[in-house]
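So the structure is just underneath, and the comments pick up after that.
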Amino acid sequence: MLKTVVSETAKRLVVILFVVTGAFLLVRAAPGDPAAFMAGEAGSGDPAFIAHLRAQMGLDRPLPVQLGYYLRDLAALDLGQSYREGRPVFDMIAERLPNTLALAGAAFLLALVMGTAAGFLAAIHRGRLIDRLISIGSVLFFSSPYYWVALMAILLFSGKLGWFPSHGTQTIGAGYTGMRALADYLHHLVLPATASALFSMAIYARLVRASMIETANALFVKAAHARGMAPVWIWLRHVLRTSLLPITTMAGVQAGQLVAGTILTETVFAWPGIGRLMYEALGARDYNVVIGVFLVTSMIVILSNLVVDLLYRFVDPRTRAA
Amino acid sequence: MPIWKSLLSRPDAILALILLGAVVLAGVLAPLIFPGGPWRMVARPFIAPFTDMGHPLGTDALGRDLAVALIYGARTSLEIGLVSTCAAVLFGTAIGGIAGFFGGRVDSLLMRSTEMFQTVPSFALAILLVAIYSPSLLSIMAAIAVVSWPPVARLARAEFLSMRRREFVQAALLSGQSNLRVAWSQILPNVLSPLIVMAALMISMAILFESALSFVGLGDPQVVSWGYLISAGRGVMARSWWLTFLPGFSIMLTIVSISILGDAIGDSQDPHFERKETE
Amino acid sequence: MMTDPILDVRDLCVDLRGGSRIVEDISLSVTPGQTVCLVGESGSGKSMIANAIMDLLPGSLLAVSRGQIRFHGADLRLCGHRALRELRGRRISMIFQDPMSALNPVRRIRTQFDEVFSAHGVEPEGGREARMLELLELAHLPTPRRILDAFPFELSGGQRQRVMISMAMALNPDLLIADEPTTALDVTTQAQILQLIAELQRAFGTGVLFITHDFGVVAEIADRVVVLRHGKIVEQGPLDEILRAPRAAYTRTLIDAVPAWNPRAGGLSTPALVSARALGKVFKGGATALDEVSMDLLAGETLGIVGESGSGKSTLAKCLIGLEEPDHGGIVMDGTDITALPAAQKRLRRHRMQMVFQDPTAALNPRHMIGRTLADVLKVNGCARPDLRARALALLDDVRLDRRLIDRFPHELSGGQRQRVCIARALAANPEVLIADEALSALDVSVQKQMLALFQDLKEARDLAILFITHDLRVAAEICDHVVVMRHGGVVARGTPEAVLAAGRHPYVEELLAAIPGQDWFPAGGAAAARGAGRCAI
């Protein structure tokens, strides 16, 4: 087991190195002077900042040496300076990251639980009304841009009905503390988390349904019937359990997509996380921030993949032995 | 063609076909029907839909016709969807096909690199690519193709690998047919239908990607796209909700149609050749 | 026997939903302690009858449309799902052909075994754990505690089937339905499983409904035989009667399809065409596939390679033909070692050896018509374009197929026809050597007989050397000039069939021979044959 953990982790380190090198090369290959490009808005106006960038990037040295500097900085958690705010990018990301993790985590759980439940219901009621409704619902959510669903949700649930706040993480000026503050935060979280979750939820529902229907045709399910087990137990203990394995792999991919997807939901809901940060930086062409957020997002995705992979090995006895 | 027959036997597929046909037709003919383009101010701003038959879907904050913008948006979406999907499918099939056919070291090398691309969050990578190479139709298509080929490669590899082990392929190789010939005439026709189904899915994803990129301000400033319309309408959403609603609704209808057709094609390809024994 | 039947099926019909009748007017009964064999080829509906009795038919496709299924006098069709569920597993058990997929791959044997008890709320004396261990021990599983902790993939095929049988017998059922339970197993394992079922049957007094396609197995275990064809009963009666004096011509064909036992003297002494020299191969996991295997295939002979699964016989064939690379050793053809040749040279020689595979369905491209399949091979072997169709038709004649099949797809053909197409395709390359890798085992017994005859004819007409890979010692003894017996990747015996199977034979050959079922009726070497010879009037 330890051996797998080590080798899997090593594999991820290679991927991280690949991502970082890729980002580095992309910037160097950008059209024009990389320093001017990185300075973005400031490119024409602030020669001091460009000079600072030039020195930091070591543009007069050969490319491998530049990469060396870059990696050294990253290892020291130095993601450079934001031109717009004049602060270290790492600090800006660090202070917003908890909000993003809360949003993505909530969306992930919601999608996993609701999606699996919907897929399970659809599978056991295959061909009946519930199945049709769930199928239609999942096709619709799968087909809609979720930032647009988010906007529509704001129109309906904040605008028309006034049930949920439409932006931010807390009621401004209310000065809540303790449990009240937490409740307020969660209240603000409802719409963004649901909107982010819908797409993944639709994917899980379809996958769980298809996987369960396939498993239900397996011989061991027939054998369980022949043993006289009650159908409910067969669905739960044999079909669902076995079908959840492919879902685990999917969950790894989706967790990553959710983190990246917060760029859209955070923008819509003015949720102060790293996605919103990236959006603002894009508008201001503050590229150090954009790349910083990209790298951090990638790290999170790679880590969650690692966790899911190890989990899968633990859950599926066949891979555990191999 | 049996595909057409099975499509026409499903009412949802017929509806999807009509809808998609309309979108494609409108997109293709846009410059002929509205030679003035989508950017022209043609009437007073904020006309509500269905109130002025000269501008059936109303106008935006600058008095531009929303119907015209939607039709030009369809053109952009389809163009980007088709081109980037084609590029991704061709590249992915080539990589995956080679890996699956030859196996061994070639396979593990190609698949390791594919996996790396797949681990990077695709939307974030697409944003980075478009941002660095400045938004244009070309950079957007390229970015979408770059982030969407890995799943194709994995599918193609799995299919080629399983076909490679099939005995009819081994028999073809034993009879002296060359590798290329076997891959082309024995394997490819047998793996085409899952690839087609996947391509349909990828066109949808490409359209969603493009709209999302436009929404965060990384659309091609020269062309109108549905995502751009959503973000443009967002500021006045409280006042004229349809400016946000209609472009998103167009995306949804298009993609629902594509998914239905993809499913229908996938279903129609299966039964004949894999006759299941009833015993 | 005049005891009341446990199971009494009357006029059972199964229909495709909204369609044709698949199983028609089946009547049969099973009394305590009796073994009733349901025999038939593929498509005879034999498994469907078993599933109908258990109410396990896929409801969306098939339904029982008429008839009664009486269990101790009560009609199961009328008793409702809940009551039926109570019976299943407790009083009627079932075991399946494929013990791997009949066990949930991701759950331990213990959990799955335990369900037998929990599903029926049974608490055996001394606790479930003790009872499970006891049952596994009864099934001759050496380390029952380890088996309970294992996942299905950690067990061998034979062990899995033993586990299935223990589970089926756990609640001491009155009736055991066995759906081809030994078809996926090797002969020696099959013999052990058949013995186990008989043992438990005696101990528990269970009635057994045994479904099989193999008349050898029937002769070994049946008290009563029901012969099925196309969903109808051809005839039924006590074993003696059916084997001694079958009334239906079809039954006769099935019985005759069991190869006769007359090991050939063989002994051709033509020069060697292909020779393997000390071939060795180790699989990735570390298992030895080939262990210093040497053999000669003589010009114009049929060489039988006999062995059970995992013996390395297929790997040997694949190495000879170039589908696998041996780790070391050489393959000599015309005095040159072809393993050492560059890839281009290898390709040029490919046509000299051709292969016929086990499963003809998998061996034909589903999207190519028969004509195209043959033409593709003819083309690369230098046939001019205008002659392609004529040559393809001639090939169909050679394998005795209707010329009209040239414009058909494989799925429109029967299994036997498909295998003939595969042979025609192999011949299209004009080979000197034909390798048949278990080429008969996916076919029905009545078809096997015809295919053997075809191989013999082709061999003589085309002066072919045939490498015949099989698990069936009977077949090898009948048609081969020489036989090589393999085990665990090595050769244990070689020579003419007569010599290999003669007195003083290798203990493993002895074991294989002893495992052949139904020797009382279908003699196969040794003491058993002598004992049965008197009884065997056919």
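Residue numbers begin at 1 in each chain, while the letters A, B, ... track the order of the sequences. This one's a predicted model, so the numbers in the text were calculated from it and none came from an experiment.
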Let me know if [X] has heavy atoms under 4.5 Å from chain A in its side chain, its backbone, both or neither.
X        : result
B:Ile207 : neither
B:Leu129 : side chain
B:Ser259 : side chain
B:Leu213 : neither

Heavy-atom cut-off 4.5 Å, strictly under: side chain, backbone, both or neither for [X] against chain B?
X        : result
A:Leu140 : both
A:Phe142 : both
A:Met299 : neither
A:Phe199 : side chain
A:Leu282 : side chain

Once rounded to the nearest 0.5 Å, what's the spacing between atom CD1 of B:Ile255 and atom OG of A:Ser144? 8.0 Å
What distance separates B:Leu208 CG from A:Ser143 OG, expressed to the nearest 0.5 Å? 7.5 Å
Return the option, out of [options], with the maximum number of heavy-atom pairs under 4.5 Å with chain B.
options                               : value
A:Leu151, A:Val14, A:Val139           : A:Leu151
A:Ile291, A:Ile302, A:Leu26, A:Val259 : A:Leu26
A:Ile300, A:Thr267, A:Val290          : A:Thr267

Which is it for B:Ser231 and A:Tyr147 under the side-chain hydrogen bond (donor to acceptor under 3.5 Å, both in side chains) test, yes or no, and what are the steps along the way? CA-CA 10 Å; B:Ser231 81; A:Tyr147 57 91; over 6 Å; no
Nearest heavy atoms of A:Val301 and B:Thr119, plus distance in Å: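 Scanning both residues, the minimum pair turns out to be CG1-O, 3.2 Å.
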If you compare all heavy atoms of A:Tyr287 against all heavy atoms of B:Ala131, which two are closest, and at what distance to 0.1 Å?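 Distance-wise, the nearest heavy atoms are OH-O, 3.5 Å.
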Check whether more than 12 heavy atoms from other residues, nucleotides or ligands sit under 6.0 Å from atom CZ of A:Phe141, and answer yes or no.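 12 or below, so no.
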Atom CZ of B:Arg154 with >12 non-hydrogen neighbours under 6.0 angstrom: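 No - once you tally the heavy atoms of other residues, nucleotides and ligands closer than 6.0 Å, there are 12 at most.
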How about B:Phe215 and A:Trp148: are their ring centres within less than 6.0 Å of each other?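 No: the rings miss the under 6.0 Å criterion.
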Can you find a heavy atom in the side chain of [X] that is under 4.5 Å from one in the side chain of [Y]?
X        : Y        : answer
A:Ile154 : B:Arg234 : no
A:Ser298 : B:Pro121 : yes
B:Leu125 : A:Phe294 : yes

Backbone N/O of B:Gly217 and side chain of A:Tyr279: donor-acceptor pair under 3.5 Å: no
Applying the side chain to side chain contact (heavy atoms under 4.5 Å, CB included) test to A:Met152, which of B:Trp241, B:Phe249, B:Phe245 qualifies? B:Phe245
